[in-house]
Visitor: 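Please see the structure below; I have some questions.
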Amino acid sequence: MAGGVAVWDARRIDLRTEPTPATATPPPADGGWRRRVGVLWLVVVVVAVGVVARIGGGDDPTADLEVDPTPAVADEEEPAPLPTAPAPGPATTAVGSWVPLGVSPLAARTRPSATWTGEEVLVYGGQPDLGPVGARFDPVSRTWSPMATSPLGHRVAHTATWTGTELVVFEGTPVGLEAARAAQDVDGAVYDPATDTWRPLRDAPLNPRSGHVAVWTGEQVFVYGGSRTFETEAPAALYDPAADTWTLTSPAPLERAFGLLAAVWTGEEVVVWSGTGPTDVAAYDPSTDTWRLLPGSPVGMRSAQAVWTGSEMLLLGRPDAVEVGGLALDVAEGRWTVLPPSPQGYAATHAVVWTGDRAVVLGGPAEVPGAVWDPATARWSALPPAPLQAVSGHAAAWTGEEIWLWSGQGPAGPVAEGATFRAGWSTARG
């Protein structure tokens with residue numbers, strides 16, 4: 001509006017500084033004086049009318065002014081379109097059947113971890129802190145057995161990593177009477193199912209954390225991110241269970257290290273996702289202690305978990321965009337693909353398992369307790385209704401033949417029930 005203001009000010013100045021007409025000189029003898037006086041009075045009247053009209057005669061004193069138009073604002077840059085998702089096919093229901101689990105020795109809880117050892121499922125932690133912390137389930141005999149008492153107590157947002165012979169439980173948010181004391185510790189413990197014994201981890205060179213990620217590289221447990229103080233530069237570290245030693249990695253190039261993270265092991269690198277772009281995905285090579293940035297994810301996601309297909313990292317959970325069912329990252333080519341919308345309902349906390357050829361996202365109402373993504377056909381299918389109350393916060397695992405699902409948050413609170421789903425598709429071990 002700068003041009004308009006300039007016009008208005010100039011006119012006001014002109015009106016206020018117009019000189020008062022000089023006193024008339026004596027009239028000439030030919031009578032021309034009267035004609036000049038008449039013209040002068042006519043000018044004065046016209047000017048006066050204009051002043052009244054502009055200053056006192058209207059609500060908007062600038063209504064009759066020619067004001068320069070406001071300069072056009074540059075258009076905001078439109079966001080880049082999402083990678084084209086495959087067109088969703090007709091809704092289908094996965095072939096298979098649910099079988100309820102037997103009565104568990106564990107009390108009802110939500111957000112425990114479940115880890116498949118190749119022979120049994122190890123369940124650990126969760127909240128509230130009622131009764132034993134962990135237990136074991138044998139899918140062949142379909143029986144439960146107790147787990148030796150853990151030195152850590154109940155935890156949520158911890159990690160439970162299987163090394164091939166032991167379960168490494170690290171950090172998380174302590175639950176229960178010991179929470180205040182343990183919250184300041186950076187601790188973990190290793191469970192050996194062959195002897196049903198625990199041993200503590202050596203102190204880690206990290207701050208207390210929860211919501212972090214941990215993956216087994218074949219030799220070490222890689223730990224990254226998470227926070228109880230929302231630091232933005234939480235370091236990564238490697239734990240060697242054979243030597244009981246920790247090693248800090250080189251600094252990660254990611255913009256943030258807290259929140260809901262996801263990570264996979266590709267066989268050569270750990271790929272970590274830490275939020276939304278542009279620098280939210282990086283790969284770490286433990287053989288060279290080096291990081292490399294990968295293209296940032298095109299859409300955000302909540303309750304995200306990741307699985308490795310052999311060529312892609314599938315990022316699954318609850319995307320911020322309703323037209324997105326998940327994301328796939330081709331690590332070798334650095335290319336993202338958007339998955340079509342999933343038939344799954346809402347769940348506050350999802351669990352994801354990889355069957356060897358399909359990804360199964362678990363969480364949601366009993367009518368659609370999960371959805372199956374088949375990368376080979378680029379299609380979703382819904383799991384059939386399950387005999388479960390829980391809708392989120394499950395412990396889930398793939399046993400090589402079945403999806404194992406237990407506990408979680410039901411309509412009236414945590415539950416202690418579970419079931420297995422025997423799929424009618426390939427049962428490749430993953």
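Side chains included, hydrogens not; waters and symmetry mates left out as well; all remaining heavy atoms used.
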Visitor: With sequence neighbours left out, what residues match Leu130 under side chain to side chain contact (heavy atoms under 4.5 Å, CB included)?
Guide: Ala107, Pro128

Visitor: Do Glu269 and Arg292 touch side chain to side chain, with heavy atoms closer than 4.5 Å?
Guide: yes

Visitor: I want to check something: taking the side chain as every heavy atom from C-beta on, are Tyr124 and Val169 in contact at a cut-off of under 4.5 Å?
Guide: yes

Visitor: Indicate yes or no: at least one non-hydrogen side-chain atom of Trp198 is less than 4.5 angstrom from one of Asp192.
Guide: no

Visitor: Compare all side-chain heavy atoms of Val223 with those of Leu206 and state whether any distance is below 4.5 angstrom.
Guide: yes

Visitor: If I compare all heavy atoms of Pro375 with all of Leu314, which pair ends up nearest, and what's the gap?
Guide: CG-CD1, 4.4 Å

Visitor: Supply the atom-to-atom distance Thr399 OG1 to Asp138 CG, rounded to the nearest 0.5 angstrom.
Guide: 10.5 Å

Visitor: If you look at every heavy atom in Gln344 and Val361, which pair is closest and at what distance?
Guide: NE2-O, 3.1 Å

Visitor: Before giving the answer on side-chain contact (heavy atoms from CB on, under 4.5 Å), spell out for Val324 and Leu339 the whole-Å C-alpha distance, their side-chain angles and the decisive distance to 0.1 Å.
Guide: CA-CA 6 Å; Val324 174; Leu339 278 56; 5.8 Å; no

Visitor: Just by distance, no angles: are the side chains of Tyr191 and Ser150 close enough, under 3.5 Å, to form a donor-acceptor pair?
Guide: no

Visitor: Is the distance from the ring center of Phe170 to that of Trp246 below 6.0 Å?
Guide: yes

Visitor: Would you call Arg155 and Asp187 a salt bridge, taking side-chain N to carboxylate O under 4.0 Å as the test?
Guide: yes

Visitor: Tell me, with the steps shown, if Leu238 and Asp240 meet side-chain contact (heavy atoms from CB on, under 4.5 Å).
Guide: CA-CA 7 Å; Leu238 294 165; Asp240 183 342; over 6 Å; no

Visitor: Looking only at heavy atoms, which two atoms of Asp285 and Ser287 are closest? And how far apart?
Guide: OD1-OG, 2.6 Å

Visitor: What residues, two or more places apart in sequence or in another chain, satisfy side chain to side chain contact (heavy atoms under 4.5 Å, CB included) together with His154?
Guide: Arg109, Asp129, Val133, Val175

Visitor: On a heavy-atom basis, which atom in Gly296 and which in Trp336 lie closest, and how many Å separate them?
Guide: O-NE1, 3.1 Å

Visitor: Please report the interatomic distance CG(Leu388) to CG(Leu101), rounded to the nearest 0.5 Å.
Guide: 8.5 Å

Visitor: Is there a donor-acceptor contact under 3.5 Å linking the side chains of His158 and Ser113?
Guide: yes

Visitor: Is a side-chain donor or acceptor of Trp98 paired with a backbone partner of Pro100 at a separation under 3.5 angstrom?
Guide: no

Visitor: Okay, side chain of Trp380, backbone of Trp373: is any donor-acceptor separation there less than 3.5 Å?
Guide: no

Visitor: Using a 4.5 Å cut-off on heavy atoms from C-beta on, say whether the side chain of Val271 contacts that of Val281.
Guide: yes

Visitor: How about Tyr239 and Leu201: do any of their side-chain heavy atoms sit closer than 4.5 Å?
Guide: yes

Visitor: State whether a side-chain donor-acceptor pair under 3.5 Å links His212 with Thr159.
Guide: yes

Visitor: Kindly compute the distance separating CD (Glu120) from CZ (Arg136), expressed to the nearest 0.5 Å.
Guide: 4.0 Å

Visitor: How long is the straight-line distance from OG1 of Thr309 back to CG of Asp357, given to the nearest 0.5 Å?
Guide: 11.0 Å

Visitor: Of the non-hydrogen atoms in Phe222 and Thr249, which two are nearest, and what is the gap between them?
Guide: CE1-CG2, 4.5 Å

Visitor: Flag the pair Trp406 / Trp144 as yes when their ring centroid distance falls below 6.0 Å, and as no otherwise.
Guide: yes

Visitor: Compare all side-chain heavy atoms of Pro253 with those of Tyr284 and state whether any distance is below 4.5 angstrom.
Guide: no

Visitor: For Thr92, does its backbone N or O pair with a side-chain atom of Ser381 as donor and acceptor, under 3.5 Å?
Guide: no

Visitor: Between Arg199 and Asp244, is any pair of side-chain heavy atoms under 4.5 Å apart?
Guide: yes

Visitor: Under 3.5 Å, which donor-acceptor pairs link side chains of residues 407-421 to any protein atom two or more places apart or in another chain?
Guide:
unit_1	atom_1	unit_2	atom_2	d
Glu417	OE2	Gln389	N	2.6
Thr420	OG1	Arg142	NH1	3.3
Thr420	OG1	Arg142	NH2	3.1

Visitor: Looking at Asp330 and Arg335, is any side-chain nitrogen of the basic one under 4.0 Å from a carboxylate oxygen of the acidic one?
Guide: yes

Visitor: Could you go through Val372 and Leu383, starting from their C-alpha distance and side-chain angles, then the distance that decides it, and tell me whether this counts as side-chain contact (heavy atoms from CB on, under 4.5 Å)?
Guide: CA-CA 7 Å; Val372 182; Leu383 288 179; 3.7 Å; yes

Visitor: Among Glu312, Met313, Met301, which residue meets the side chain to side chain contact (heavy atoms under 4.5 Å, CB included) test with Leu327?
Guide: Met301

Visitor: Can you name the nearest heavy-atom pair linking Ser392 to Thr110, along with the distance?
Guide: O-OG1, 4.2 Å

Visitor: Go through Arg379 and Asp374 one step at a time and tell me if the salt bridge (charged side-chain N to carboxylate O under 4.0 Å, His left out) criterion holds.
Guide: CA-CA 6 Å; Arg379 292 184 182 276; Asp374 185 349; over 6 Å; no

Visitor: Step by step, would you call Trp265 with Trp308 a side-chain contact (heavy atoms from CB on, under 4.5 Å)?
Guide: CA-CA 7 Å; Trp265 171 246; Trp308 177 246; over 6 Å; no

Visitor: Please check if any side-chain donor atom of Tyr224 sits under 3.5 Å from a side-chain acceptor atom of Arg209, or the reverse.
Guide: no

Visitor: Can you measure from CG (Leu362) to CD (Gln305) and round to the nearest 0.5 angstrom?
Guide: 9.5 Å

Visitor: Out of curiosity, His350 NE2 to Ser342 OG, how far, rounded to the nearest 0.5 Å?
Guide: 7.5 Å

Visitor: Just checking, any donor-acceptor pair under 3.5 angstrom between side chains of Asp280 and Ser297?
Guide: yes

Visitor: Do you know which of Leu122, Val353, Val121 makes side chain to side chain contact (heavy atoms under 4.5 Å, CB included) with Trp116?
Guide: Val121

